[in-house]
Amino acid sequence: MFLRELKEPAGRIRGAGARTVELLAKAGIHTVADLLCHFPRDWEDRGTTVRLAQFAQYPQVNTTVTILGHSWIGFGRTRTLKVLVEDESAGAELLCWNRNFLKNQLIPGRRCHLWGHFQYQYGKIQSSSFEISPEGEEQGILPVYPLSGELNQTMLRRLVSRALESYLPLIDEELPREIIEKEGLLPRPPALRGIHFPSSMAELDRAKRTLIYGELFYLEIMVGRRAMERRTIRRSPVRFAAERSPDAVPEQDPAGATAPGNVPAGLKKITVSPLQRRLVERLPFKLTPGQAEAITEINRDMTGPIPMARLLQGDVGSGKTLVSFLAALAAVEGGGQAAILAPTELLARQHAENAARLLEPLGLRLSFLTGNIKASGRKELLKGLADGRIDMVLGTHALFSDDVVYSNLRLVVVDEQHRFGVIQRSLIMAKGNHPDLLMMSATPIPRTLALTVFGDLDVSVIRDLPPGRKAVKTHLARQSNEGKVYDFVRNELDRGRQAYFVYPLIAAAEEGRAAEMKDAQTMAARLAEEVFPQYPVALIHSRIDEEEKQDIMERFRRAEIRVLAATSVVEVGVDVPNATCMVVEHAERFGLSALHQLRGRVGRGSEQSYCFLVYSDDLTQDGKTRLKVMLEHTDGFVIAEEDLKLRGPGQITGIEQSGYLSLGLADPVRDAAELEKTRREAFSILEKDPGLLFPEHLLIAEVLKKAPPFAVTYGPGNGLQNTWKNTQFQVW
Ligand code: ADP
Ligand code: MG
């Protein structure tokens with residue numbers, strides 16, 4: 001039996017009474033398999049004593065203490081227990097957040113075993129992440145489980161240990177023997193024992209490696225199968241008479257110009273459709289090499305037999321929109337329709353305006369659809385989409401409402417794709433018959449993650465910015481020096497430029513935040529009345545209604561408004577080349593990707609632009625590091641990597657909401673090397689034996705059939721579903 005087939009209720013385990021079963025259920029543990037897959041978050045090595053005084057030299061303290069007494073932090077229902085303890089080396093404080101019940105167990109005078117992470121704080125050795133149990137309990141290396149509610153370590157340790165005793169002999173291997181041998185892994189039963197109750201640190205290590213390998217291997221097998229399935233889908237390709245674009249990009253490498261199918265960047269001419277050629281000819285600038293390469297790859301996909309699934313990555317301002325318009329032209333030329341999906345109405349409108357300017361002169365029939373379009377106009381528009389009179393539609397999530405029907409949707413472009421979930425993407429994909437999919441993102445995803453998250457996606461990267469852009473100059477300023485920043489901005493305004501001021505909150509007072517916190521609303525008034533009285537200032541944030549927002553943005557674009565006080569609504573996509581100043585106040589409160597996006601709002605024209613990150617004095621170490629990263633780096637990919645290091649993988653923009661990293665033990669970022677290895681292994685198996693029919697692969701097929709760690713729901717654009725934790729993987 002495979003581990004995940006152990007569906008017996010946890011109550012069958014010896015010693016699990018009704019009360020325990022109830023507590024387990026609250027923690028999401030219902031079956032024996034759930035319990036055995038409730039992996040420790042840490043391990044306590046009781047063999048090695050680390051006294052309190054040594055807390056700084058070791059990752060954990062591991063000692064025997066005497067309870068000295070109790071005190072409380074705070075009052076009433078929200079108070080938190082503080083326990084004073086000492087061992088022979090020093091005294092310490094234990095902060096019992098959400099564990100006030102420990103008061104009854106930690107009676108003064110008692111001797112207890114203490115294990116935990118300690119810090120020096122306010123002159124005391126302190127911990128809020130510790131485990132404590134009566135002296136004389138088990139020795140050796142003990143698991144430390146993630147707890148919730150009133151579950152405690154002793155209880156879980158006992159249950160898991162009993163479950164292992166009774167069920168381990170029933171558990172079958174899940175990895176082919178060949179792999180286990182080649183990789184020096186453990187068979188499944190000892191790996192499970194080793195992860196819960198290792199007899200040595202070396203054994204723990206091997207158990208971990210084994211389980212992580214298994215998780216990643218099956219993830220990649222599923223991703224690989226999904227990829228193969230996509231490649232069997234056939235649809236009629238877009239056809240157009242290929243033309244050579246005249247001088248589409250600056251000449252750099254004429255030698256490679258004719259290499260079919262693999263056109264390197266920097267070519268003078270690229271192969272385009274007639275409409276694409278006309279658009280390129282009309283542009284007041286040349287395509288950048290990165291844009292040219294991207295459109296070449298897109299054209300190749302769209303004229304090929306398999307539906308396109310491509311991620312276009314390019315830093316803010318790299319000109320992704322134009323590439324998507326070129327792709328839309330190919331779709332329309334092939335007799336189909338194109339839909340461009342944007343996360344906000346502001347952005348959708350900006351795209352629609354650009355499209356009107358660039359594409360309508362070529363004869364395309366465009367429309368704009370958002371949730372705010374009035375009933376009558378909407379009806380007409382839906383008719384146009386359904387009967388094919390409309391070639392291209394731009395809009396927000398309204399594009400995949402139930403009543404929107406397309407006559408022949410050939411291309412779906414998802415801008416700022418990380419803002420959409422898998423489900424939303426599949427909703428719009430389902431409106432066409434295997435349409436091509438182009439996802440765009442300025443939030444670069446490190447390669448290793450892209451492999452897992454997107455599995456089978458092709459990736460184009462625009463690495464260059466349009467020429468003539470000057471790098472934005474970034475300055476840090478203390479809040480007390482804000483006056484200098486304002487003076488600088490005034491000078492820019494005097495030169496005819498425009499500025500953004502961005503705040504973390506709309507209205508601090510309403511949001512119950514301290515009065516000293518600057519917010520967009522108060523500051524808009526102050527900027528208008530005191531700081532820049534001679535210039536028009538406007539306020540924009542998410543609670544302002546759409547029509548007014550549009551109006552404000554339009555007037556900002558026309559430079560009738562010179563200063564925009566905003567929240568991070570201006571973060572995404574907004575493109576006003578005359579704006580040269582971005583002032584972010586309380587910058588320490590923004591995440592790196594937001595700061596990078598915000599800075600990307602300036603530096604879009606030929607003038608020198610500036611970004612001021614104004615920070616207040618109460619900034620944390622993390623806040624400091626973020627500001628430093630912004631000062632030192634401009635490359636979005638580098639910033640994304642730094643972000644990853646700072647925040648950990650679970651919190652990367654667009655990934656946290658899909659919860660996709662809940663693999664179990666594996667962490668695709670930390671275990672990147674292992675991920676690549678399992679991917680190679682999985683893909684090579686599938687290449688040789690796509691049906692998993694060879695005798696040495698039957699086991700894999702059986703695991704997939706009887707106890708798949710992930711479920712795949714087929715259909716265009718669907719992701720993988722992690723059946724175990726019920727989270728979705730974004731495959732494409
Ligand atoms: P992003 O990739 O961030 O979505 P946009 O598509 O908004 O970038 O483009 C930013 C700006 O660059 C726009 O004003 C666009 O007109 C301009 N642009 C795009 N391509 C080029 C190019 N090849 N040369 C010069 N400017 C360009
Ligand atoms: Mg954009």
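Each residue takes its place number in the sequence, starting with 1. Counting starts at 1 for both ligands and their atoms, in listed order.
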Give the atom numbers and elements of ligand 1 that come within less than 4.0 Å of a heavy atom of [X].
X	result
Arg604	3 (O), 7 (O), 10 (C)
Lys286	22 (C), 23 (N), 24 (N)
Lys320	1 (P), 2 (O), 3 (O), 4 (O), 6 (O), 8 (O)
Thr288	23 (N)
Leu287	23 (N)
Thr321	4 (O), 5 (P), 6 (O), 7 (O)

_Is it the case that ligand 1 has an N or O less than 3.5 angstrom from some N or O of Gly319?_
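Yes, since at least one N or O of Gly319 sits under 3.5 Å from an N or O of ligand 1.
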
*For ligand 1, is there an N or O atom under 3.5 Å from any N or O atom of Pro466?*
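No, there is no polar N/O contact under 3.5 Å.
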
Between [X] and [Y] (salt bridge meaning N to carboxylate O under 4.0 Å), is one present in this structure?
X	Y	result
Lys549	Asp545	no
Arg558	Glu554	yes
Glu360	Arg365	no
Glu607	Arg497	yes

*Of Lys473, Glu492, Arg495, which meets side-chain hydrogen bond (donor to acceptor under 3.5 Å, both in side chains) against Thr580?*
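In the set Lys473, Glu492, Arg495, the residue that makes a side-chain hydrogen bond (donor to acceptor under 3.5 Å, both in side chains) with Thr580 is Glu492.
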
_Hydrogens and angles aside, do Arg235 and Asn433 bring a side-chain donor and acceptor to less than 3.5 Å of each other?_
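No donor-acceptor contact under 3.5 Å links the two side chains.
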
_Within the structure, is a non-hydrogen atom of Met440 found at a distance of less than 4.0 Å from ligand 1?_
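So Met440 does not count as touching ligand 1.
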
_Min heavy-atom dist Gly314 to ligand 1 below 4.0 Å_ =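 Contact absent.
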
*Under 3.5 Å, is there a donor-acceptor pair between the side chain of Gln276 and the main chain of Ser273?*
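Confirmed, Gln276 side chain pairs with Ser273 backbone.
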
